Trainee: 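Have a look at this one before I ask anything.
Quick caveat: nothing in here was measured; it's all calculated off a predicted structure. First listed ligand is number 1; within each ligand, the first listed atom is number 1.
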Amino acid sequence: MIITIDGPAGAGKSTVAKLLAERLGFCFLDTGAMYRAVALAGLQRGIDWAVPEQIATVAETVDIRLDKDRVLLDGQDVSDSIRSSQVTAVTRHVADNPRVRQLMVDLQRRLAFGKNVVTEGRDQGTLVFPNAELKVFLTASPEERARRRLRDLSAQGESPTFADVLQAIVQRDQQDAQRPLGAMRRAPDAVELCTDGLTIDQVVDRLELLARQRLPKL
Ligand code: C5P
């Protein structure tokens, strides 16, 4: 059984998807973390981001594993370093690369095969798992997402301004929506939930209820 959670950066998808997976006893698939891990590998190898073949070669030769909520890149735990602003800034080159996307989509389908999974990203309900039993499109206003992102970044010791963070979020929404392949879109059969003013628990409660209504055997 597959539950997809798509939506813009900062809507709380990872946190919510992870908690929902725990409550239901499902596996959790963080697909943004996979693109981020390829980006980190590219930074480590010092590739030229203007050369798509170099990015594709990185994706073809890295070993990415997801172990519960930890991300392993060639055996190293990179769960924290893939969230840095430096990695975020180059991840779009990775996510816009058609060869990389094909590799990641194949890997996502392989990882989910035969399992009960909550998967989150941009294209999970539209492209990767069009037959998912429950599709969710999770949103929040750009201002709310900027406030959350600012909190996360200051916890990591970074101190950008609110205006800069907001601008980066709006820019990333545009990139995510305009990407020729795997663009962020709400699947026509997805349930849309705006998380402004809701606590994480309230969001997870609503999704758990939806999941149990849709999947009566749970
Ligand atoms: O969700 P997160 O911010 O970790 O995703 C990192 C980047 O990877 C996003 O900006 C998005 O462009 C890209 N992404 C994607 N397809 C996915 C998940 C993430 O293109 N399924």
Trainee: What residue and atom, counting heavy atoms only, is the protein's closest point to atom 16 (N) of ligand 1, and at what distance?
Mentor: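 I find the closest protein heavy atom is R101 NH2, 3.0 Å.
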Trainee: Can you tell me which portion of R36 lies within the under-4.0 Å heavy-atom range of ligand 1? Options are side chain, backbone, both, or neither.
Mentor: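 The answer is the side chain.
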Trainee: With heavy atoms of Q124 as the reference, note each atom of ligand 1 found under 4.0 Å away.
Mentor: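 Every atom of ligand 1 under 4.0 Å from some heavy atom of Q124: 21 (N).
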Trainee: Would you find a donor on one side and an acceptor on the other, under 3.5 Å apart, between the side chain of D123 and the backbone of A183?
Mentor: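 No; zero donor-acceptor contacts below 3.5 Å.
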Trainee: Identify, for atom 10 (O) of ligand 1, the protein heavy atom at the shortest distance, and state residue, atom and that distance.
Mentor: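 For atom 10 (O) of ligand 1, the nearest protein heavy atom is R172 NH1, 2.6 Å.
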Trainee: Could you list the atoms of ligand 1 found under 4.0 angstrom from a heavy atom of D123?
Mentor: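 Listed by number with element, the hits are 17 (C), 21 (N).
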Trainee: Any donor and acceptor pair, going by atom type alone, linking the side chain of R109 with main-chain N or O of V128 inside 3.5 Å?
Mentor: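 Flag set: sc R109 to bb V128 pair under 3.5 Å.
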Trainee: If hydrophobic clusters are built from ILVMFWY residues whose side chains come within less than 4.5 Å, do V87 and L153 share one?
Mentor: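 In one cluster: no.
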Trainee: For atom 9 (C) of ligand 1, find the nearest protein heavy atom and state the residue, atom name and distance (0.1 Å precision).
Mentor: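 Going atom by atom, the protein heavy atom closest to atom 9 (C) of ligand 1 ends up being R122 NH2, 3.2 Å.
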Trainee: With heavy atoms under 4.0 Å as the rule, classify the contact between R149 and ligand 1 as side chain, backbone, both or neither.
Mentor: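 For R149, there is no contact with ligand 1 at all, from either part.
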Trainee: Any nitrogen or oxygen of E120 lying under 3.5 Å from a nitrogen or oxygen in ligand 1? Just yes or no.
Mentor: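 No; the residue has no nitrogen or oxygen that sits under 3.5 Å from a nitrogen or oxygen of the ligand.
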Trainee: Taking distance alone, with no angle check, do Q108 and ligand 1 share an N/O pair under 3.5 Å?
Mentor: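 No, no N or O pair falls under 3.5 Å.
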Trainee: With R36, which of T88, T31, D30 fulfils side-chain hydrogen bond (donor to acceptor under 3.5 Å, both in side chains)?
Mentor: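 That would be T88; it is the only one of T88, T31, D30 passing the side-chain hydrogen bond (donor to acceptor under 3.5 Å, both in side chains) with R36.
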Trainee: Tell me which protein heavy atom sits closest to atom 18 (C) of ligand 1, plus the residue, atom name and distance to 0.1 Å.
Mentor: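 Result for atom 18 (C) of ligand 1: T31 OG1, 3.4 Å.
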Trainee: Find all atoms of ligand 1 within a distance of less than 4.0 Å from any non-hydrogen atom belonging to R179, and give their numbers and elements.
Mentor: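 Numbered from 1, ligand 1 contributes 12 (O), 15 (C), 20 (O).
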Trainee: Name the closest protein heavy atom to atom 12 (O) of ligand 1, giving the residue it belongs to and the distance to 0.1 Å.
Mentor: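 Minimum-distance protein heavy atom for atom 12 (O) of ligand 1 reads D176 OD1, 2.6 Å.
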Trainee: To which protein heavy atom is atom 5 (O) of ligand 1 closest, and what is the distance rounded to 0.1 Å?
Mentor: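 Checking every protein heavy atom, the shortest distance to atom 5 (O) of ligand 1 gives G32 CA, 3.5 Å.
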Trainee: To which protein heavy atom is atom 13 (C) of ligand 1 closest, and what is the distance rounded to 0.1 Å?
Mentor: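 Closest protein heavy atom to atom 13 (C) of ligand 1: A95 CB, 3.8 Å.
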Trainee: In terms of atom number and element, which parts of ligand 1 are under 4.0 angstrom from non-hydrogen atoms of T91?
Mentor: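 Near T91, meaning under 4.0 Å from one of its heavy atoms, ligand 1 has 7 (C), 8 (O).
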Trainee: Please evaluate residues V58 and I47 with respect to the criterion side chain to side chain contact (heavy atoms under 4.5 Å, CB included), reporting the C-alpha separation (whole Å), side-chain torsions for both, the decisive distance (0.1 Å), and the verdict.
Mentor: CA-CA 9 Å; V58 174; I47 64 162; 3.9 Å; yes
Trainee: Can a salt bridge be assigned to the pair E208 and R212 using a cut-off of 4.0 Å between side-chain N and carboxylate O?
Mentor: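 Yes, this pair counts.
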Trainee: State plainly whether the residues D173 and R145 are in salt-bridge range, i.e. N to O under 4.0 Å.
Mentor: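 Yes.
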Trainee: Is R99 salt-bridged to E60, cutoff N-O under 4.0 Å?
Mentor: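 Between E60 and R99 there is a salt bridge, with a charged N closer than 4.0 Å to a carboxylate O.
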Trainee: For V71 and A33, work out which heavy atoms get closest and say how close.
Mentor: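 Answer, listing the atom of V71 first, then A33: CG2-CB, 3.8 Å.
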Trainee: Whether D189 and K135 form a salt bridge (side-chain N of Lys/Arg under 4.0 Å from carboxylate O of Asp/Glu) is what I want to check.
Mentor: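 Looking at D189 together with K135, the answer is yes, because their closest N to O distance falls below 4.0 Å.
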Trainee: If you count the atoms of ligand 1 from 1 in the order shown, which ones are under 4.0 Å from a heavy atom of R83?
Mentor: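 In order of number, 4 (O).
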Trainee: Any idea which part of Q175 is under 4.0 Å from ligand 1, heavy-atom wise: side chain, backbone, both or neither?
Mentor: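 It is neither; nothing of Q175 touches ligand 1.
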Trainee: What heavy-atom pair brings S81 and L40 nearest, and what distance separates the two atoms?
Mentor: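 For S81 versus L40, the nearest heavy atoms are OG-CD2, 3.7 Å.
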